[in-house]
Amino acid sequence: MQAIPFKELGISDDIRTSLCRMNFEKPTPVQELTIGNFLAGDDLLVQAPTGTGKTGAFGMPIVQQIDRAQRTTQALILCPTRELAVQVSGVLRSLSKNKPGIRIATIYGGEKINKQIDWLKTTPHIIVATPGRLMDHMQRKTVKISAIRTVVLDEADRMLDMGFRRDMEKILKATPKDRQTVLFSATMPQEIYMIASQFLKRDAQEIRVKQESLAVETVKQYYTAVYPGGKNDALLSLLQDNNYPLTLIFVNMKHRADKLAFQLRKKGFRAAALHGDMNQNQRDRVMKQYRLGKLDTLVATDIAARGIDVKNIDAVINYDAPLDNESYVHRIGRTGRAQQEGIAYTLIHQDEADLLRKMIKNLKTDIMPTENTLSLPEPTRQKSYGRVSGNSFHSINVRRGGRNRR
């Protein structure tokens, strides 16, 4: 199905000129579904994983609607982390290249507050902030949000996971009741609906991008079945045989991220963990090393990886099988970005085969067995796993032990 042009979505000429400079030729599914409703002033609850173009979905309408003649702060975007706030601000500045005079302030912890106070004295049109630091400025009375027309909660589920619910509520209560509120979330737990019912208008629209629209076309997808206790060997074999410059490994538990990163370092990999128990400075330090190539392997949990914006990740490996379809799409979307080809592997035990089969069916995608495999015992091979590989199930032929890469 052909994408609707940006012009038909209501995007102005000056924003479209900026989009051309950014090499954005057509809207993503979440942008198609969101932009028109956003420009119409509707409150929105949008399910949109990172990597689907959600920043553009709210960034384009916000920049387009800013009245540069007014010396007021008109839009507020709340982000869970410093890294995501900086990323969002960068996109907004790129979108506003042809609308000179739009002032954007980025407010987050870990930076001298006096510098931020100076920025806020200029009365920025748009504030992009983390909840904790914005609350600090509100208590100091160094920020004015009483004239806000639009509030966006970006990655709201992650903000809730990080314990920001009370701050989010206080911030929303300090903005005008007639504001437009748009909530983006990768997942839709019950707590998200509670926030939405409290702060979004009753006629708010819920938008969910269809799973098939979320499938990442530029990512080659593989699975590797392993015997019990064989995931470490399978992982080492993948890493050593392919020697990827940047690899992102997903696990489901925080303690496993630490343990696996430690084990990989012992094998000679420059690995580090990224999870929710780390403070902001620790996360920033790890991400800086990863982005600069001082780390080649990052072991992360789903929530912690939500703000990662590294465009040249070569491979994603699901050490633990994702818990649902949305998590799988979010994970593999970390590679194959900006029209570059990526690759993703999923390590699974025999008892996770049904999970893989259902995921393939629901996402309407092909996940192929890795090459150089050994068949599993006959009882398992007789089963059919949909579009995986016909009537056989495979396990990688792992090489025991490891070698130092550097």
Side-chain angles (χ1 to χ4, degrees), residues 6 9-12 14-15 18 30-31 33-46 48 54-79 84-85 88-89 91-107 116 119-131 133-135 137-138 141-156 159 167-185 195-207:
F6 284 113
L9 293 175
I11 296 302
S12 60
D14 48 10
I15 303 297
S18 296
V30 70
Q31 292 167 0
L33 294 169
T34 303
I35 288 174
N37 294 307
F38 201 124
L39 289 171
D42 296 336
D43 279 13
L44 303 172
L45 174 59
V46 186
K54 64 180 176 60
T55 305
F58 63 77
M60 287 180 245
I62 284 178
V63 171
Q64 181 165 315
Q65 293 178 323
I66 291 296
D67 184 350
R68 288 170 288 178
Q70 290 188 21
R71 198 171 181 81
T72 58
T73 299
Q74 299 162 41
L76 170 65
I77 302 166
L78 288 181
C79 301
L84 184 58
V88 168
S89 295
V91 173
L92 295 176
R93 290 190 174 92
S94 296
L95 289 170
S96 59
K97 285 289 186 182
N98 293 288
K99 293 189 69 173
I102 291 183
R103 296 182 300 279
I104 302 169
T106 315
I107 306 300
Q116 295 177 354
W119 292 346
L120 293 171
K121 285 180 180 178
T122 67
T123 314
H125 296 109
I126 304 171
I127 294 176
V128 184
T130 54
R133 180 49 64 97
L134 184 63
M135 283 292 298
H137 283 286
M138 288 171 61
K141 302 187 185 302
T142 52
V143 65
K144 298 177 182 178
I145 57 175
S146 58
I148 293 285
R149 296 202 302 248
T150 302
V151 175
V152 172
L153 306 180
D154 192 11
E155 298 196 358
M159 284 193 279
D167 288 348
M168 292 161 63
E169 291 175 343
K170 289 181 180 179
I171 290 166
L172 287 168
K173 288 176 181 178
T175 60
K177 289 186 177 180
D178 61 349
R179 69 184 181 273
Q180 178 186 24
T181 309
V182 179
L183 190 155
F184 283 83
S185 185
I195 291 284
S197 65
Q198 185 178 359
F199 293 104
L200 272 63
K201 299 183 181 72
R202 289 190 175 183
D203 59 352
Q205 298 193 46
E206 180 175 354
I207 295 173

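All residue numbers refer to positions in the sequence shown, counting from 1.
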Checklist entry - Quick one: are Ile77 and Leu92 in side-chain contact, heavy atoms under 4.5 Å? => result yes

Checklist entry - How long is the gap from CD1 on Ile145 to CD1 on Ile171, to the nearest 0.5 Å? => result 6.5 Å

Checklist entry - Should Trp119 and Arg103 count as side-chain neighbours, where that means a heavy-atom distance under 4.5 Å? => result no

Checklist entry - How many angstroms lie between atom CG of Asp203 and atom CG of Asp42, to the nearest 0.5 angstrom? => result 7.0 Å

Checklist outcome for this item: Rounded to the nearest 0.5 angstrom, the CG-CD distance for Leu95 and Gln64 is 10.5 Å

Next on the checklist: Just verifying a value: how many Å separate Leu183 CG and Asp43 CG, rounded to the nearest 0.5 Å?
Outcome noted: 10.0 Å

Item to check | Ile62 CD1 to Ser96 OG distance, which is reported to the nearest 0.5 Å | outcome: 11.5 Å

Checklist entry - Are any non-hydrogen side-chain atoms of Val88 and Val152 less than 4.5 angstrom apart? => result no

Item to check | Nearest heavy atoms of Asn37 and Gln205, plus distance in Å | outcome: OD1-NE2, 3.3 Å

Checklist outcome for this item: Of all heavy-atom pairs linking Ala57 and Ile35, the shortest is O-CG1, 3.8 Å

Item to check | Closest approach of Thr122 to Arg71 (non-hydrogen atoms, all atoms of both residues) | outcome: O-NH2, 3.5 Å

Item to check | Lys201 atom NZ, over 12 foreign heavy atoms within 6.0 Å | outcome: yes

Item to check | Minimal non-hydrogen separation, Ser146 against Pro176, with atom names | outcome: O-CG, 3.0 Å

Checklist entry - Would you say the side chain of Ile127 lies within less than 4.5 Å of the side chain of Leu120, judging by non-hydrogen atoms? => result yes

Item to check | Considering all heavy atoms, the nearest Met168-Leu153 contact | outcome: CE-CD1, 4.1 Å

Item to check | Ile104 side chain near Pro124 side chain, heavy-atom distance below 4.5 Å | outcome: no

Checklist entry - With sequence neighbours excluded, what pairs up with Thr106 under the side chain to side chain donor-acceptor pair (under 3.5 Å) test? => result Ser89

Checklist outcome for this item: Shortest non-hydrogen pair, Ile15 vs Met60, comes out as CG2-CG, 4.0 Å

Next on the checklist: One pair to check against side chain to side chain donor-acceptor pair (under 3.5 Å): Arg133 and Gln116. What are the steps and the verdict?
Outcome noted: CA-CA 10 Å; Arg133 180 49 64 97; Gln116 295 177 354; 3.0 Å; yes

Item to check | Greater than 12 external heavy atoms within 6.0 Å of Lys99's NZ | outcome: yes

Checklist entry - Can you tell me if Glu155 uses its side chain to pair, donor with acceptor, with the backbone of Cys79 under 3.5 Å? => result no

Checklist entry - Okay, side chain of His125, backbone of Gln70: is any donor-acceptor separation there less than 3.5 Å? => result yes

Checklist outcome for this item: Distance col, row Asp67:CG vs Gln65:CD, nearest 0.5 angstrom, shows 11.0 Å

Checklist entry - Quick one: are Val46 and Phe58 in side-chain contact, heavy atoms under 4.5 Å? => result no

Next on the checklist: Tell me if a side-chain donor or acceptor on Lys54 pairs with a main-chain N or O of Phe184 at a distance below 3.5 Å.
Outcome noted: no

Next on the checklist: Quick check: do Arg179 and Leu172 have side-chain heavy atoms less than 4.5 Å from each other?
Outcome noted: yes

Checklist entry - Are side-chain heavy atoms of Gln74 and Ile148 found at a separation under 4.5 Å? => result no

